[in-house]
Each structure stands twice: as structure tokens, then as C-alpha cells.
Amino acid sequence: MTREQLLDADVLLVRSVTPVDRELLEGTPVAFVGSCTIGTDHLDTTWLDRQGIPWSAAPGCNANSVVEYVFCALAALGRDWRGQRFGIVGCGNVGGLLQRRLHGLGIECRVYDPWLQGNADLATLDEVMAQDVVCLHAPLVKDGPHPSLHMVDAEHLAAMKEGAVLISAGRGAVVDNSTLLALLERGKPLTTVLDVWENEPEINTALLAKVDIGTPHIAGYSHDGKLAGTRMVREALSSALGLPTISEDAEVKGEIREELGREFGAETQLRTLAPSRAGKDLKSDFDLMADLLLQMYDPRADDRRLRAAANAQLPLAQGFDRLRREYPRRLEFSHYRAGAAGLDTESCRQLEILGLKWN
């Protein structure tokens with residue numbers, strides 16, 4: 001996007017790949033900036049505030065989608081989360097929801113977040129990085145008392161236990177990508193899932209080749225999350241312009257309800273799941289749980305698409321953006337229901353906590 005494109009624009013709505021700063025906006029009539037994303041590192045909020053330009057993001061809109069991504073990634077890896085100890089770096093909307101889900105599942109976790117107080121699971125970063133499964137959900141902060149740029153560095157990566165799982169689904173530069181690549185190239189037994197990367201969309205293809213699952217920054221791309229983010233920014237825009245919000249405008253609320261009905265169509269009805277493979281292939285309760293999760297969302301499909309884009313003739317940056325722009329509709333677990341399918345009571349309870357409904 002260029003400044004020239006905004007010379008007659010009053011409102012700018014973006015997602016996370018569009019930098020919004022003085023260079024883009026100075027001299028334009030833009031009077032509101034909205035980003036339907038949970039992060040704001042692509043917005044120069046300091047400059048916007050100085051100019052008196054209201055802005056909004058959508059924190060928490062896709063938290064459930066990212067948490068579902070974490071469990072589906074573990075299912076795709078064949079890693080039974082039961083009996084694992086989790087570490088969470090960044091305990092805001094996403095990390096906090098993951099923590100609550102883990103507590104509901106009876107799973108121990110340790111949390112690192114220097115902005116947080118009074119959380120019983122708080123620990124040092126070293127302690128968090130020493131867990132069996134480490135999930136990174138911190139925002140990218142480049143200055144101030146607690147910068148997160150390359151917070152997970154060579155020392156922390158080298159100290160991770162052999163066979164641990166690293167899942168990065170916050171901001172790519174929280175992990176030193178070059179150091180991670182060097183570590184994997186030296187053969188450290190670390191299972192790695194990257195949804196976010198340094199220098200997106202021009203990501204490191206050598207690192208992509210080394211990770212177990214690589215996806216194009218889509219962990220939070222559920223259809224539900226997109227609708228929630230859109231609504232949050234719409235409400236902020238209405239407030240900035242002095243217009244009625246959805247909750248205040250019954251006519252608009254009715255129109256939106258009708259539009260959502262058309263948008264979802266048959267998807268307002270719960271989709272029914274059943275085991276997808278022959279019973280002999282599903283040897284344990286975890287196999288059955290993983291099978292149901294992967295029917296709802298399988299990150300390996302996104303991994304294959306990203307690797308295909310890396311091997312295509314077009315520059316990967318174009319392919320990365322296209323995969324995000326043309327991302328297929330993905331519904332969250334709450335849109336599905338299943339029969340017990342041979343699962344024991346505890347496995348059914350765990351999937352119910354994750355959001356799956358039962359017949």
C-alpha cells in the first residue's frame with residue numbers, strides 16, 4: 001500500500017502485514033486506523049497518538065483459534081498432551097486462554113510474562129523453556145523495560161530438553177530464527193512448529209525445510225476469529241465517528257444477524273464427526289482424539305501448501321501472502337459434534353473442554 005492510494009481515504013483498515021506509520025499516512029485525510037488483528041507491532045501507535053488519529057486492533061479475537069491450532073499441531077505430531085508439562089511465553093489473551101484450557105485438562109504449566117502479577121504459574125523464562133512443550137505467544141516489543149525481540153535466543157534454545165516441542169504462534173522475531181536454524185542444522189532433537197517467522201512474508205526457506213510443521217501465520221485464521229475481529233474494529237470505528245454501535249442500533253444488529261445467517265448458511269448446523277480411519281489403525285484413546293481433532297483442522301495441509309509455495313517459480317513472499325489472502329474457511333471446534341467413537345470418559349471430557357460437542 002502506498003500513500004498515494006490514501007489521498008482520498010478517511011478510514012484505513014488493515015491486517016498484520018501492512019506497516020502503518022508517518023511515511024504512509026502523513027498528508028492524507030485518514031482519520032481512523034483499524035487492524036483486525038491481535039498484534040499492533042505493525043502500527044506506529046506512538047505517531048498515531050501524537051497526530052490524534054484514533055486506532056484500534058482486535059486483541060483476543062482469535063485467541064480460541066490459536067489455542068485450537070496448538071492442540072491440532074500436537075495431534076498432527078502424534079504428541080499426547082496428557083502427562084506433558086507445558087511452558088507458555090506470553091500470557092495475554094492467547095497464552096492466558098491456553099493456560100486455562102490446560103488447567104481444565106489437569107495439565108501442569110509454567111508461565112513467563114514480565115507484565116503479569118499474581119499468577120500462580122509464573123516462573124522464570126529459563127524454567128518455562130525447560131518444559132516438555134513450549135508455546136510462544138508473546139507480542140513483539142522492541143524497546144522498553146521488557147523487549148521481546150529475540151527473547152528466545154541461542155542460550156534458551158540450546159537449553160531446551162531433548163525431544164521437547166517448540167510451538168511459535170505469536171510473533172516470529174520473538175525467536176532468533178537464524179540461531180534456531182543453526183541449532184536444527186546441528187541436529188538438536190527439537191520438534192518445531194512455526195506459524196510465525198522473521199521478515200514475513202520473505203521467510204527463511206532453509207528454516208522452513210528444517211521445521212516439523214511450518215504454516216503461513218494462520219494459527220488465528222479461523223472464520224469465527226475473523227468475524228470477531230471485524231466486529232471489534234467496526235465497534236471502535238463507530239465510536240470514533242460518533243455513530244451508533246451494533247449493540248445500540250437495533251436495525252444494524254438485525255441486518256448483521258441476517259448477514260451472518262447467509263454467511264454461515266448450513267454451517268449454523270453442527271457438523272457430525274466419526275472416526276476417519278479403520279478402527280485397527282486407531283490403537284489408543286489418543287489416536288482417536290487426534291483423529292477427531294485433525295478432521296476439524298489439520299495443520300499439515302497448511303504446511304504442505306507453504307512448502308509448495310516455497311518450491312514454486314514465483315517468489316515465496318508472493319506465495320506467502322497469497323496463502324493468507326486465499327485461506328480456506330476454517331471453523332472452530334464448537335461447530336462440530338461427535339459420537340463417543342470408543343473413547344473413554346476422560347478422553348471425551350478432554351475434547352469437550354477443547355470445544356467439541358457430543359451427540
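Along the sequence shown, residues are numbered consecutively beginning with 1.
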Open item on the list: How about CD on Gln117, more than 12 heavy atoms from neighbouring residues, nucleotides or ligands closer than 6.0 Å, or not?
Closed with: no

- [ ] Assess whether side-chain contact (heavy atoms from CB on, under 4.5 Å) is satisfied between Leu13 and Phe32, documenting all intermediate values.
- [x] CA-CA 8 Å; Leu13 304 179; Phe32 178 86; 4.3 Å; yes

TODO: Using atom types as modelled and distance alone, determine if a side-chain donor or acceptor of Lys188 lies under 3.5 Å from a backbone N or O of Met160.
DONE: yes

Task: Presence of salt bridge, Arg85 and Glu108, under 4.0 angstrom - done: yes

Open item on the list: Side chains of Asp302 and Tyr297 only: does a donor on one sit below 3.5 Å from an acceptor on the other?
Closed with: yes

Open item on the list: In the structure I gave you, are the side-chain heavy atoms of Tyr221 and Ser65 within less than 4.5 Å of one another anywhere?
Closed with: no

Open item on the list: Please check: side-chain N/O of Asp212 versus main-chain N/O of Thr192, any donor-acceptor pairing under 3.5 Å?
Closed with: yes

Open item on the list: Quick one, Leu180 and Leu194 - any side-chain contact, counting heavy atoms below 4.5 Å?
Closed with: yes

Task: Check: His146 ring centre within less than 6.0 Å of Trp115 ring centre - done: yes

Open item on the list: Tell me whether Leu98 shares a hydrophobic cluster with Val174, the cluster being built from Ile, Leu, Val, Met, Phe, Trp, Tyr side chains joined at under 4.5 Å.
Closed with: no

Open item on the list: Assess, by modelled atom type and distance only, whether the side chains of His150 and Asp153 contain a donor and an acceptor separated by less than 3.5 Å.
Closed with: no

TODO: Any chance you could lay out the side-chain contact (heavy atoms from CB on, under 4.5 Å) test for Glu23 and Arg3, step after step, and finish with the verdict?
DONE: CA-CA 7 Å; Glu23 181 180 354; Arg3 178 180 171 277; over 6 Å; no

Task: hydrophobic_cluster_shared for Leu243 and Val30, side chain cutoff 4.5 Å - done: no

Open item on the list: Looking only at the aromatic ring of each residue, does the gap between the centers of Phe286 and Trp81 stay below 6.0 angstrom?
Closed with: yes

Open item on the list: Is there a path of hydrophobic side-chain contacts, each under 4.5 Å between heavy atoms of I/L/V/M/F/W/Y residues, joining Leu166 to Leu125?
Closed with: yes

Open item on the list: Any side-chain to backbone donor/acceptor pair from Gln131 onto Glu127? Under 3.5 Å, distance only.
Closed with: yes

TODO: Would you check if Asn204 and Glu198 make a side-chain contact, meaning some heavy-atom pair closer than 4.5 Å?
DONE: no

Open item on the list: So does Glu235 get a backbone contact from the side chain of Ser239, meaning a donor-acceptor N/O pair under 3.5 Å?
Closed with: no

- [ ] Check the pair Leu354 / Arg349 against side-chain contact (heavy atoms from CB on, under 4.5 Å), numbers first and verdict last.
- [x] CA-CA 9 Å; Leu354 294 180; Arg349 186 188 73 86; over 6 Å; no

Open item on the list: I'd like to know if the side chain of Arg79 and the backbone of Val165 have a donor-acceptor N/O pair within less than 3.5 Å.
Closed with: no

Open item on the list: Looking at Gly34, is its backbone amide N or carbonyl O close enough to the side chain of Ser56 to form a donor-acceptor pair, meaning the two atoms are under 3.5 Å apart?
Closed with: no

Open item on the list: Rounded to the nearest 0.5 Å, what separates atom CG in Asn119 from atom CZ in Arg110?
Closed with: 10.5 Å

Open item on the list: Return the CG to CD distance between Asp321 and Glu202, rounded to the nearest 0.5 Å.
Closed with: 9.5 Å

Task: Verdict with supporting geometry, Arg337 and Thr272, side-chain hydrogen bond (donor to acceptor under 3.5 Å, both in side chains) - done: CA-CA 5 Å; Arg337 65 182 177 186; Thr272 301; 3.1 Å; yes

Open item on the list: Using every non-hydrogen atom in the two residues, find where Leu323 and Ala309 come nearest and quote the distance to one decimal.
Closed with: CD1-CB, 4.1 Å

Task: Arg22, CZ: over 12 other non-hydrogen atoms inside 6.0 angstrom - done: no

Task: Residue of the set Leu343, Asp344, Leu293, Leu351 for which side-chain contact (heavy atoms from CB on, under 4.5 Å) holds with Leu288 - done: Leu343

Task: Interatomic distance, Ser334 atom OG to Met296 atom CE [nearest 0.5 angstrom] - done: 9.5 Å

Open item on the list: Quick check on side-chain contact (heavy atoms from CB on, under 4.5 Å): which of Ile88, Val89, Ile38 does His137 satisfy it with?
Closed with: Ile88

- [ ] Could you check if a side-chain atom of Ile107 sits within less than 4.5 angstrom of a side-chain atom of Phe86, using non-hydrogen atoms only?
- [x] yes

Open item on the list: Looking at Glu346, I'd like to know if its CD atom is crowded, meaning that more than 12 non-hydrogen atoms belonging to other residues, nucleotides or ligands lie closer than 6.0 Å.
Closed with: yes

Open item on the list: Is it the case that the side chain of Asn177 and the backbone of Val175 share a donor-acceptor pair, with hydrogens and angles ignored and the cut-off at 3.5 Å?
Closed with: yes

Task: N/O donor-acceptor pair under 3.5 Å between Thr40 side chain and Leu43 backbone - done: no

TODO: Mind checking the CZ-CD1 spacing from Arg307 to Ile213? Nearest 0.5 Å is all I need.
DONE: 9.0 Å

Open item on the list: For Thr18 and His42, which I'm curious about, is there any donor-acceptor pair between the side chains at under 3.5 Å?
Closed with: no

Open item on the list: If hydrophobic clusters are built by linking Ile, Leu, Val, Met, Phe, Trp and Tyr wherever their side-chain heavy atoms come under 4.5 Å apart, do Leu136 and Trp197 end up in the same one?
Closed with: yes

Task: Minimum heavy-atom distance Gly104-Ile353, with the two atoms named - done: O-CD1, 3.1 Å

Task: Taking every non-hydrogen atom, the tightest pair across Pro59 and Met232 - done: O-CE, 3.3 Å

Task: Presence of salt bridge, Asp303 and Arg300, under 4.0 angstrom - done: no

- [ ] Please determine which of Lys357, Glu352, Glu68 meets the side-chain contact (heavy atoms from CB on, under 4.5 Å) test together with Phe333.
- [x] Glu68

Open item on the list: Would you say that more than 12 heavy atoms from the other residues, nucleotides or ligands in this model lie under 6.0 Å from the CD of Gln5, or not?
Closed with: yes

TODO: Would you check if there is a donor-acceptor pair between the side chains of Asp291 and Gln295 at a distance under 3.5 Å?
DONE: yes

TODO: Decide yes or no for Thr46 and Asp44: does some side-chain heavy atom of the first lie under 4.5 Å from some side-chain heavy atom of the second?
DONE: yes

- [ ] Considering non-hydrogen atoms only, spot the tightest contact between Glu332 and Asp224 and give its length.
- [x] N-OD1, 3.2 Å

Task: Spacing of Phe320 atom CZ and Ile218 atom CD1 [to the nearest 0.5 Å] - done: 9.0 Å

Open item on the list: Could you check whether any side-chain N or O of Gln318 sits under 3.5 Å from a backbone N or O of Pro315, counting only pairs where one atom can act as donor and the other as acceptor?
Closed with: no

Task: Verify same cluster id: Trp47, Leu140 (apolar side-chain graph, 4.5 Å) - done: no

Task: Asp121 and His103 side chains, donor-acceptor separation under 3.5 Å - done: yes

Task: Student check: side-chain heavy atoms of Asp176 and Met151 closer than 4.5 Å - done: no

Task: Non-hydrogen atoms of Arg330 and Tyr69 that approach each other most closely - done: NH2-CB, 4.3 Å

Task: OG1-OH distance between Thr215 and Tyr327, expressed to the nearest 0.5 angstrom - done: 7.5 Å

TODO: Examine the side chains of Arg234 and Ser238 and answer whether a donor and an acceptor come within less than 3.5 Å of each other.
DONE: yes

Task: Stepwise side-chain contact (heavy atoms from CB on, under 4.5 Å) check, Gln99 with Val111 - done: CA-CA 8 Å; Gln99 180 192 30; Val111 169; 3.8 Å; yes

TODO: Mark yes when over 12 heavy atoms from residues, nucleotides or ligands other than Glu162 sit less than 6.0 Å from its CD; otherwise mark no.
DONE: no

Open item on the list: For a quick test of reading the model, state the closest non-hydrogen atom pair linking Leu190 to Ala164 and the distance between them.
Closed with: CD1-O, 3.4 Å

Open item on the list: For a 4.5 angstrom cut-off between non-hydrogen side-chain atoms, does Tyr336 reach Leu331?
Closed with: yes

TODO: Would you check if Leu184 and Leu207 make a side-chain contact, meaning some heavy-atom pair closer than 4.5 Å?
DONE: yes

